Amino acid sequence: QVQLVESGGGLVQAGGSLRLSCQASTTTGSIVRINQATWYRQAPGSQRELVASITGGGPKDYANDVKGRFTISRENHATTVNLQMNSLKSEDTAVYYCNEEVWTSMSGTRNYWGQGTQVTVSS
């Protein structure tokens with residue numbers, strides 16, 4: 001069983017920056033490899049939407065309205081995925097969720113969701 005723990009959300013003024021992190025961990029001691037990681041967000045009254053994704057060692061994809069402002073990356077040890085968010089706008093306000101396709105030596109490949117972290121941008 002893999003847990004995804006998100007952190008880094010909070011309240012920021014428009015034009016500011018936040019850095020979200022998603023840490024994958026397992027209590028079974030099995031080897032963990034992230035095949036693909038995606039950040040989604042869901043604003044009140046709206047559907048969950050894709051923000052950014054990263055596959056394997058590098059190919060990245062972004063929603064049009066965050067291109068040039070957000071950057072998705074993986075840390076060297078590859079179990080943490082970050083979302084650097086710059087030039088934040090009020091319309092970026094949402095709960096941000098991490099979703100990962102994870103392979104473990106114990107369970108093979110499965111898809112997991114984090115619990116979500118609130119990002120609020122004040123105008």
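Because the structure is predicted, anything quoted here is derived from the model rather than measured.
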Common cluster, V66/Y97, ILVMFWY with side-chain heavy-atom separation under 4.5 Å: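 No: no chain of side-chain contacts under 4.5 Å links V66 to Y97.
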Transitive ILVMFWY side-chain link V95 to Y112, under 4.5 Å: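 Hydrophobic grouping puts V95 apart from Y112.
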Heavy-atom donor-acceptor pair, T93 side chain to V121 backbone, under 3.5 Å: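 Checked: pair present.
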R74 side-chain N/O to I34 backbone N/O, donor-acceptor pair under 3.5 Å: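 Flag set: sc R74 to bb I34 pair under 3.5 Å.
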For residues 81-89, run the donor-acceptor check on the side chains, cut-off 3.5 Å, and write out each pair with its distance to 0.1 Å, sequence neighbours left out.
{"unit_1": "N82", "atom_1": "OD1", "unit_2": "S21", "atom_2": "OG", "d": "2.7"}
{"unit_1": "N82", "atom_1": "ND2", "unit_2": "E75", "atom_2": "OE2", "d": "3.2"}
{"unit_1": "Q84", "atom_1": "OE1", "unit_2": "R19", "atom_2": "NH1", "d": "3.3"}
{"unit_1": "Q84", "atom_1": "NE2", "unit_2": "N86", "atom_2": "OD1", "d": "2.9"}
{"unit_1": "N86", "atom_1": "OD1", "unit_2": "S17", "atom_2": "OG", "d": "2.9"}

Chi angles and distances behind the side chain to side chain contact (heavy atoms under 4.5 Å, CB included) call for N111, V102: CA-CA 6 Å; N111 191 270; V102 180; over 6 Å; no
Nearest atoms (heavy-atom pairs only) where A37 meets I72: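 Nearest pair, atom of A37 first, then I72: O-CD1, 3.9 Å.
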Mind listing the side-chain donor-acceptor pairs of residues 5-16 below 3.5 Å, one per line with the distance, residues two or more places apart or on another chain?
{"unit_1": "E6", "atom_1": "OE1", "unit_2": "Q115", "atom_2": "N", "d": "3.1"}
{"unit_1": "E6", "atom_1": "OE1", "unit_2": "G116", "atom_2": "N", "d": "2.3"}
{"unit_1": "E6", "atom_1": "OE2", "unit_2": "C98", "atom_2": "N", "d": "2.5"}

Contact list for residues 24-52, test ring pair (Phe, Tyr, Trp, His ring centres under 6.0 Å), sequence neighbours left out: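 Listed once each, the pairs are Y40-W113.
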Salt bridge (Lys or Arg N to Asp or Glu O under 4.0 Å) involving [X] - partner list, sequence neighbours excluded:
{"X": "D61", "result": "none"}
{"X": "E91", "result": "none"}
{"X": "R33", "result": "none"}

Rounded to the nearest 0.5 Å, what's the gap from [atom1] on [X] to [atom2] on [Y]? Could you check?
{"X": "W103", "Y": "R110", "atom1": "CH2", "atom2": "CZ", "answer": "13.0 Å"}
{"X": "D92", "Y": "T120", "atom1": "CG", "atom2": "OG1", "answer": "11.0 Å"}
{"X": "N35", "Y": "I54", "atom1": "CG", "atom2": "CD1", "answer": "12.5 Å"}

If we only count heavy atoms from C-beta on, is the [X] to [Y] side-chain gap below 4.5 Å?
{"X": "T38", "Y": "Q36", "answer": "yes"}
{"X": "T104", "Y": "T109", "answer": "no"}
{"X": "S107", "Y": "Q1", "answer": "no"}
{"X": "R41", "Y": "E49", "answer": "yes"}

